[in-house]
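Residue numbers start from 1 in every chain, and the chains themselves are labelled A, B, ... in the order their sequence lines are given, proteins ahead of strands.
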Protein chains: 2
Amino acid sequence: MTERPPHGSARPGGRTARTRAAVLAAAYEELDRDSIAALTLDRLARRSGVHVSTIRRRWRTVEGVVVDLLAERSSVLPTPDTGDFRRDLTQLTEAIADFNNTLRNRNVIQGLLAAAAHDARVEEIVRSAFMRRTEEVTWIVRLAIERGEIPGDTDAWEVIASLAAPLYYRVLILRGVIDERLVHTTVEATYQAARSGVFVRKG
Amino acid sequence: MTERPPHGSARPGGRTARTRAAVLAAAYEELDRDSIAALTLDRLARRSGVHVSTIRRRWRTVEGVVVDLLAERSSVLPTPDTGDFRRDLTQLTEAIADFNNTLRNRNVIQGLLAAAAHDARVEEIVRSAFMRRTEEVTWIVRLAIERGEIPGDTDAWEVIASLAAPLYYRVLILRGVIDERLVHTTVEATYQAARSGVFVRKG
């Protein structure tokens, strides 16, 4: 459904993994110098030393490479587990802030969003990347429910989306950085709302 | 600073106003059929009957026209004044939902955001359009402060941004529609957070 080409099935450290590492590293370096609009498969081939036909076969397009890069970079983000819901929310928010306050990560996300406006496949890829990442960190919410910090029928997905929304609104729409104040208000607003049952689903 | 060409200074109903109305109407019709990427000044000229050089002189680019269209369309959005903070927030949220659930309005905003990734001028225009609109509706918050519904040193701008963020996150990033459930959770989360002093600025 996401139309993303499958990752190589070779064992870790094998040739497929090395090729992927080289191409993603090249994309990461290029995006530190320029926006995604300036990126081409030829430039990626030149910088990575991987043949352009190999890159095209595996990722098809520049957007394909950049989506894979985004997946790799954001999988580095840890899911906090401090034993305290508010502290988990704070650590997660700070991690999202650090990630998005880096110019090249912002280039990646802004570039993909721009491409999504013109390409339904990229749109679906971006959408599902955000959905998947949101789903991954919902266990912060599930743990808070288990500990009795928030109501049992809280919709975990909605809580995480409520946390992410003000951060991406700031970065992608207001085009600003995520500062300490926004981290604070975002965590507190989500925490208070979750505690008071705003995200409870009836029935 | 916004680099937007000045609107004609002729009196309302004059030739300048008629030209603007015709070109914006043409843009509005075109965007119902196609994305902003397909729009050209020539197509606008053809549909509006206004000469392309007139359009170019006044708006410079397609993005200039579309930004003006966005300003015109969103100024139609009323700022509620029901005498009740929660009801004001609900009406504002429903208005933003109705606006963004229209395909051509979504085309306008998604298109501008895409253009912003490649063009710093468009980026600044989009940014300031959102900032201005946010500022306009802050008086909902000021009235709530006057009525004693929320703390006196609440940051009105932050409250409105907190309301807008989940809606635009849904439309522009998750690429979904704003449904009743999202209206409900967004209003309640912002309301609870504002009441409990999350957006209070000390000092």
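A:Arg181 and B:Val198 get closest at one heavy-atom pair: NH2-O, 4.1 Å. Contact detail for A:Ala189 and B:Phe199: the closest heavy-atom pair is CB-CZ, 4.3 Å. Taking all atoms of both residues into account, the shortest heavy-atom contact from B:Ala165 to A:Pro166 is CB-CA, 3.6 Å. Scanning both residues, B:Met131 and A:Leu174, for their nearest heavy atoms gives SD-CD2, 3.9 Å.
Counting heavy-atom pairs under 4.5 Å between each of B:Arg175, B:Arg170, B:Gln192 and chain A puts B:Arg175 at the top.
Atom OG1 of residue B:Thr185 and atom CZ of residue A:Arg201 lie 8.0 Å apart, to the nearest 0.5 angstrom. Interatomic distance, B:Ile173 CD1 to A:Ile173 CD1, rounded to the nearest 0.5 Å: 5.5 Å.
In this structure, the portion of A:Val200 lying under 4.5 Å from any heavy atom of chain B is its backbone and not its side chain. Proximity to chain A is absent for every atom of B:Leu167, based on heavy atoms less than 4.5 angstrom apart. Neither the backbone nor the side chain of A:Arg195 comes within less than 4.5 Å of any heavy atom of chain B. When heavy atoms are compared at a cutoff of 4.5 Å, B:Thr186 does not approach chain A at all. Heavy-atom distances place no part of A:Ser162 under 4.5 Å from chain B, backbone and side chain included. Heavy atoms closer than 4.5 Å to chain B are found in both the backbone and the side chain of A:Glu188. Both the backbone and the side chain of A:Leu172 come within contact range of chain B, each with at least one heavy atom under 4.5 Å from a heavy atom of that chain.
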